[in-house]
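The structure appears below as structure tokens.
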Amino acid sequence: MGLVAGALTISPLVSATTLKDGDSKKNNVLRVAHITDIHIRPEHDAPNRFEKCLADIKKHNVDFFLNGGDVIYAANYKNIARDRVHEQWNIWKDLRSKFSEYEMYCCLGNHDMWWAAPEKTDPMYGKEYVVQQLEMPATYYSFDKEGWHFIILDSMNDKTIALGEAQRNWLAEDLEKLPAGSSIVIMSHCPILSASGVFKNGNHKDYEEITKLLYKHKDKKINCFSGHIHLLDAAVYNNVNYFVTGAVSGAWWEEGDEHSAQKYWYRETPPGYAIIDLFDDGTLENTYYPHPY
Ligand SMILES: [Zn+2]
């Protein structure tokens, strides 16, 4: 099946010190789809192409979805009118109804917010409207499943790519509550750290504060997932894994440009999604599946 052929597999990056005797008996407790940068839009037949991709994802029998933001093509530019914002979210709602049997946990993307609303009191202005569209409990939050702790962050603060002081304090408290050895997935729209972030200057500007905070929790197994760059990579720093998961939309559903290695790709990364297998010993396997649509 074309689905698996050509899949780029990223080996789990786990330090040998975290491996225990009997590790081969580890159990796969969760399978999660990480979809990001869907950038849904009426053009380029994007809704139908996304639906085909969704059918492929469903074949993996995932437990739930992590959605990394930039769900719609763009609401953030100055010239975007209300109708255009409505149009994009309506397409999304229709598509979401086609996999409503799955739970989905979202974070905000930089393109999701409509800052050009005529008034800040407009019900469609800013983050709160997106929180409603994506049925998020808040702009940042955490939850637990099958022994894993998931932290969903908001990358858009202080008019840049940053957590901001309030969220950073919340993150510090959230991590503090967890016992040593905890298995953690952190999802943000923009990478906290990444190699591909240099292409768009797209990494978190407060990476120094965040990496210092994570280093204080080096007794825990921390894995960070992001999107935003539309490129696929993996990095490890201070024993924390930093994965960037390409983009469902590839080159925004367009054919690409002179940098695209193939049609619809963004540079060397095909459109695709990640399937993450999480194990009860705190390890994970992260596999990127290109989709051909
Ligand atoms: Zn983005």
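Remember, predicted model here, so these are calculated numbers, not experimental data. Both ligands and their constituent atoms are indexed starting at 1 by order of listing.
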Checklist entry - Applying ring pair (Phe, Tyr, Trp, His ring centres under 6.0 Å), which residue pairs with at least one partner in residues 151-184 are found, sequence neighbours left out? => result Tyr140-Trp170
Checklist outcome for this item: Here the Zn ion (ligand 1) sees protein N, O or S atoms within less than 2.8 Å, and their number is 4
Item to check | Partners passing side-chain hydrogen bond (donor to acceptor under 3.5 Å, both in side chains) against Asn76 (at least two apart in sequence or in another chain) | outcome: His111
Checklist entry - Which of these passes side chain to side chain donor-acceptor pair (under 3.5 Å) with Asn157: Glu165, Lys127, Arg168? => result Lys127
Next on the checklist: I need the single residue from Ile151, Ile184, Asn239 that forms a side chain to side chain contact (heavy atoms under 4.5 Å, CB included) with Ile222. Which is it?
Outcome noted: Ile184
Next on the checklist: So, using ring-ring contact (aromatic ring centres under 6.0 Å, His included) as the criterion, who are the partners of Phe199 when residues are at least two apart?
Outcome noted: none
Checklist entry - Of all heavy-atom pairs between Gly164 and Asp158, which one has the smallest distance, and what is that distance? => result CA-OD2, 3.4 Å
